[in-house]
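Note sheet for the following structure.
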Amino acid sequence: MNILILGSGGREHALAWAIRQNPKCDRLFVAPGNVGMESLARLAELDILSGSAVIGFCEENAIDLVVVGPEAPLAAGVADDLRAAGILVFGPSKAAAMLEASKSFTKEVCDACGAPTAAWARFDTAEPARTYIREKGAPIVIKADGLAAGKGVTVAMSEAEAIAAIDDAFGGAFGAAGAEVVIEEFMAGEEASFFILCDGTDCLPIGTAQDHKRVGDGDTGPNTGGMGAYSPAPVLSQAIQDEVMAQIVRPTVAEMARRGTPFQGILYAGLMIENGHARLVEYNVRFGDPECQVLMMRLGAQALDLILACAEGRLAETAVTWADDHALTVVLAANGYPGTYEKGTEIRGLDQLAEDSSHMVFHAGTAVKDGQIIATGGRVLAATGRGASLAEAHERAYRLADAIDWPGGFYRRDIGWRAL
Ligand code: AMP
Ligand code: GLY
């Protein structure tokens, strides 16, 4: 079959790498993709936020399946347009993508189905929000309701910080995404991510992961999109996973179906675990980046069979073949990230790396200029290792990262510290 992946990051490189290994995949396209994927797929220049542009490409290239990587095309309704055109697609409808696109929507769904999450309130003006904060006290969490590229959340340790976050949101710091604000109870505990395929009716868990959001060693400094990740996440024991499926995921999927907006795609549940129980922090409606890199490294070729079963509504008769393995990825980012960073610096040594099913460097923000690989983004590469133990995966990932000659970039030295 011919497959089109939408997106251009490390997540999409990992998806392409796994899908390419499956003999069912004939021709593989990624739009817009990046230079790291050129040996796996044809790159296509395409406006991935335009349903009609994607449909046109699918018709011209006899595409049998579209895999949507990032949330923006989902929130724009590209999956709906593809389904209406009779094209098989992996990814939720615009209505179901609200589980990521609106914090208050997700909170309402949780309340309707009894899923455990933090207590919350919604505000569309500043003064009642300030009053609520003074009543509840700190720590407290302030969230812009809409998609704010991961920057709309403030975990406020003091009342003053919380009030400042309210002033920012209503002052327009997050544009339309901040016109409504959700204020939440602060949850203590350890965070982990749980990935579940859903076909509208049935659910199939495909892995757990933990990421490192802070830029610096020891989980210090500002938040980023993720500086590294590992899978599985030891904190998500089988017992907790079963409880999350029973109390959070299945009720959510049933509630979405009841509303006439069934969820089909990958549900990424961000969880807070405390005293052996999990509460929902948030949902995303796409794979995490860099969590996808470690999941794909572990799933390999079967990722395509699972994605296909999900898109075709066959999850009830589908199982995951688990290897007793571990994967870890280290993100190499441009100096200065997540603040202003330099673009166009040269990266050497990538062609010397020995890559195989246990060692892969996924590209996120690279291009070729005058025959040299250059960095074009903040998060640029994800050096990923797989092994029989987390220690082995760690060793392999760092061996790759250490072999890359890139003075313009940096990476954390302690990915996986909590689990190692
Ligand atoms: P979100 O975009 O909702 O995942 O929030 C981003 C990050 O903020 C999460 O990954 C948590 O680290 C933190 N966070 C969000 N909500 C809460 C909460 N209610 N209690 C504690 N930390 C939170
Ligand atoms: N790594 C976090 C995310 O993809 O949202």
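Everything quoted here is computed from the prediction, not taken from an experiment. Note that ligands are numbered from 1 as they come in the structure, with each ligand's atoms numbered from 1 the same way.
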When you pair each N or O of ligand 2 with protein N or O atoms, which pairs come out under 3.5 Å?
{"residue": "ligand 2", "atom": "1 (N)", "partner": "Asp211", "partner atom": "OD2", "Å": "3.2"}
{"residue": "ligand 2", "atom": "1 (N)", "partner": "Gly225", "partner atom": "O", "Å": "3.0"}
{"residue": "ligand 2", "atom": "1 (N)", "partner": "Asp289", "partner atom": "O", "Å": "2.9"}
{"residue": "ligand 2", "atom": "1 (N)", "partner": "Glu291", "partner atom": "OE1", "Å": "2.9"}
{"residue": "ligand 2", "atom": "1 (N)", "partner": "Glu291", "partner atom": "OE2", "Å": "3.3"}
{"residue": "ligand 2", "atom": "4 (O)", "partner": "Arg286", "partner atom": "NH1", "Å": "3.0"}
{"residue": "ligand 2", "atom": "4 (O)", "partner": "Asp289", "partner atom": "N", "Å": "2.9"}
{"residue": "ligand 2", "atom": "5 (O)", "partner": "Arg286", "partner atom": "NH1", "Å": "3.3"}
{"residue": "ligand 2", "atom": "5 (O)", "partner": "Arg286", "partner atom": "NH2", "Å": "2.9"}

- Message: Measuring from atom 16 (N) of ligand 1, which candidate in Lys143, Met187, Glu282 has the nearest non-hydrogen atom?
- Response: Lys143
- From Val182, Val153, Val155, Thr117 - option closest to atom 23 (C) of ligand 1 by heavy atom: Val155
- Query: Would Arg298 and Asp325 pass as an ion pair if we require N to O under 4.0 Å?
  - Reply: yes
- Query: Would Asn34 and Glu38 count as having a side-chain donor-acceptor pair, cut-off 3.5 Å?
  - Reply: no
- Going by distance alone, is a donor N or O of one side chain under 3.5 Å from an acceptor N or O of the other, for Tyr283 and Thr252? yes
- Do we see a donor-acceptor contact under 3.5 Å between the side chains of Trp417 and Asp217? no
- Query: If you look only at pairs with a residue in residues 268-281, which of them pass as a salt bridge (charged side-chain N to carboxylate O under 4.0 Å, His left out), with sequence neighbours excluded?
  - Reply: Glu185-Arg279
- Answer yes or no: is there an ion pair linking Arg314 with Asp305, defined by an N-O contact shorter than 4.0 Å? no
- Query: When you check the gap from the basic side-chain N to the acidic O, do Lys213 and Asp211 get nearer than 4.0 Å?
  - Reply: yes
- Query: Using a heavy-atom cut-off of under 4.0 Å, does the side chain or the backbone of Glu185 touch ligand 1, or both, or neither?
  - Reply: backbone
